[in-house]
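Encoded as structure tokens, the structure appears first; notes follow it.
Below, read A as the first sequence line, B as the second, and so on, with proteins coming before strands; counting in each chain starts at 1.
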Amino acid sequence: MTPVQLALLQCATVLYAVHAFVRVRGMVGRGRACPQLRWGSLLAALGLHTCFLAARGLASGTLPIDTRLDSVALFSWVAGGVFALCERPAQLQGIGPVFWTAFVLGLGVMWATAGSEPMSRGSLARFWLVLHLVPVYLGYGGFAVAAGAGATYLVQERLLHHPSRAALWRRLPPLESLERLDRTALTLGFPALTVGLVAGVLWAQQATAPLGHAWYADPKVVGGLLVWFFYAAVLHVRLRARWCGRRAAWLTILGFLLTLVSFATVHVYTSSDVTPDDPAQAAADRGAS
Amino acid sequence: MTIRVTGLNHQTAPVQVREALAFPKSRIQDALAGVRDRREVDEAVILSTCNRVEVYVCGRGELDEGVVPAFLAEFHGVWPETFAPHLYHHVGAEAVGHLFRVASGLDSLVVGETQITGQVKQAYEAAAASGASGVVLHRLFQQALAVAKQVRTRTEIGAGRASIGSVAVELAGHIFESLTGRTVLVVGAGEMGETVVRSLHAAGASALLVANRTFSRAEELAREWGGTAVRFDRLGESLSRADIVITSADAPHHVIRRADIAEALHVRRGRPVFVIDIGVPRNVEPCASEVEGCYLYNVDHLQAVVAETLALRQREVEHCMAIVQAEVGQFMSWLAKLALAPTITELSQRFHDLKRQELALLWNKLPDLPEPARAEIERMANRVVNKILHQPIAALQASPPEDPSGGLLAAALRLFGLSRSPAAPHPSAPPPTLRELGK
């Protein structure tokens, strides 16, 4: 990773922080926040972020997933992009301050822990990775939006029980809109995660079979499946048992925390994603050793 | 050139005085013609609402304070003594600032209300239609409307709602995505309940259920409000159908208990219910708000929101005044330039005439001069005249707006031998009217 590429991502992070600050100030402070700064900082941040991913993608010739920092950048780009599109309707603008603050904090933590050393991957692995990662990240983006909506729901619900705090509840969207956003983001994110996991399992099977490992013993697969089962249960209680309100909001927040923990522990702290370039060669190496 | 406003409002005059001086819409044109008939008045606009009566006049000379009171007394056939103590008078920048404040809702009974902006616009349109407003009041009112818009978009002066009914609608709008098609259950027949029902109905809540201890009274109210009467003993069933419940029953005990709300929410599968309890003593058990999905508000809650809204608006007034002040400065400087316009035109005309005369003499002396040489000389003469004029014109335009007829203008008039401008009327040469200036 060149210093210029790194600088692009650093500038984007600073601009996201500026955007989050402007949004929070607009919510709790007096008067309307300067619209040019508000939209300018977000567009510039997303633009620089896109430039970083494009530069990394061009350098690797495919999706930018060569290093863990790339993975974090791609994941946050999808989550930020999905949210920026979702919050366009006026009724949902109030959710922004909560989401962007969480976004910047999450990005900071992940950035601090993710390394930028390259991970070796073969060309076959690249194909499966793209098929696996694009839907998984879309799913995670959906869950991030759902969690933002859930957190705002809890705040707004509490505020509405204290109507004299009009200056605050006036700036947040209606409860029903938040609940609908939460539900929509979940119902779109879950199928995407399913597709991504199926592709991931198929890839893991191919990659681990020659090594003599069981694919289901891979911590990444276990982590992914855990998240999948949790969201399957959340969707079940939401759609079948019609859970709504506070309980449903807490579930989506818990689900996203679980996703983050799974993402951080499995993708950042374990080295299991260093799949050999050529499984057959690796098996031969093992035999030789 | 003077702008003056004379009027009275809810703060200075009781309603009897205001209604005695109010101008009905049908007589506005006659009234405008009446003010214009006064010798000193060139332009006029009359703003007449339920809370204020104001007459804005503009004249090329000094406008006496008694002009408008005399007109009001004559037009309405009342003694000036009956209303004179209630009048306020503002002249020049103060009058301009007053109009900007009025148009922005800063001078209204409920600070930040928007109705007044529309009324100012109507008053101006009526004056423009009858030809009573000219170039100055046209610009003044256009700018006042622009200031009102700026104040509204750049500050929080219009934030929130400021009546019980509209606060109820606002709260409902933060629970439900839309009020269209929502079912409202009204328990009891209190007057304030009716206000809230009307506000919710206007916001789109269409289905109305009316419950009252006396069923015939419920039927009567349902007919009046276009709803359906329901029996009081079947309140529980109606409760589960209603998204919004308004209680204003005259009952000594709680009409709706926590268990009723919990049961209704169970049937509604958690869909929220918005309850407004206007009854005194309260009709709904206060602990019902602990049930998840129940948003219960009483009169004190709603009044607290109104108070918070008004306090917020009051805090914003200072920021609005800064905008108003800046705009007043801008308008006064435009007005000063308007007063200078004839002098500058005459000055420029004088020098260009001189140039033309001298060039004509030169062409006579040098008849064989080729065309390209003539054109070049003419361009040179133009440059010289423009360069000579540049400094005096710039200095005149930069003179302080509050003193357009001050030392510099007088000096220019003397130095260049110009006629008197309308800003400094000359007894022997009547100045052009403002309408002529605007052409």
query: Taking atom CZ of R170(A) and atom CD of E308(B), what is their separation to the nearest 0.5 Å?
result: 6.5 Å

field: Residue pair F176(B) / P174(A): nearest heavy atoms and the distance that separates them
entry: O-CB, 3.6 Å

- request: Determine the interplanar angle of the Y295(B) and H161(A) rings, folded into 0 to 90°, and report it as parallel if under 30°, tilted if 30 to 60°, perpendicular if over 60°.
  value: parallel

task: Identify which of H174(B), R269(B), E170(B) forms the greatest number of heavy-atom pairs closer than 4.5 Å to chain A.
output: H174(B)

message: For S177(A) and E177(B), which I'm curious about, is there any donor-acceptor pair between the side chains at under 3.5 Å?
response: yes

field: Approximate separation, where rounding is to 0.5 Å, of L160(A) CG and H301(B) NE2
entry: 12.0 Å

- request: For F21(A), look at atom CZ and say whether over 12 heavy atoms of other residues, nucleotides or ligands are found less than 6.0 Å away.
  value: no

- prompt: Do the side chain of E292(B) and the main chain of R246(A) share a donor and acceptor less than 3.5 angstrom apart?
  reply: yes

message: Between Q156(A) and chain B, with a heavy-atom cut-off of 4.5 Å, which part of the residue counts as in contact: side chain, backbone, both or neither?
response: side chain

Crowding at NE2, H10(B) (>12 non-hydrogen neighbours, <6.0 Å): yes

- prompt: At their closest point, which heavy atom of A166(A) faces which heavy atom of V305(B), and how far apart are they?
  reply: CB-CG1, 4.0 Å

- prompt: Should we say atom CD of Q10(A) is surrounded by more than 12 heavy atoms from elsewhere, each under 6.0 Å from it?
  reply: yes

message: At a heavy-atom distance under 4.5 Å, which candidate from L302(B), L312(B), V306(B), L171(B) has the highest pair count against chain A?
response: L171(B)

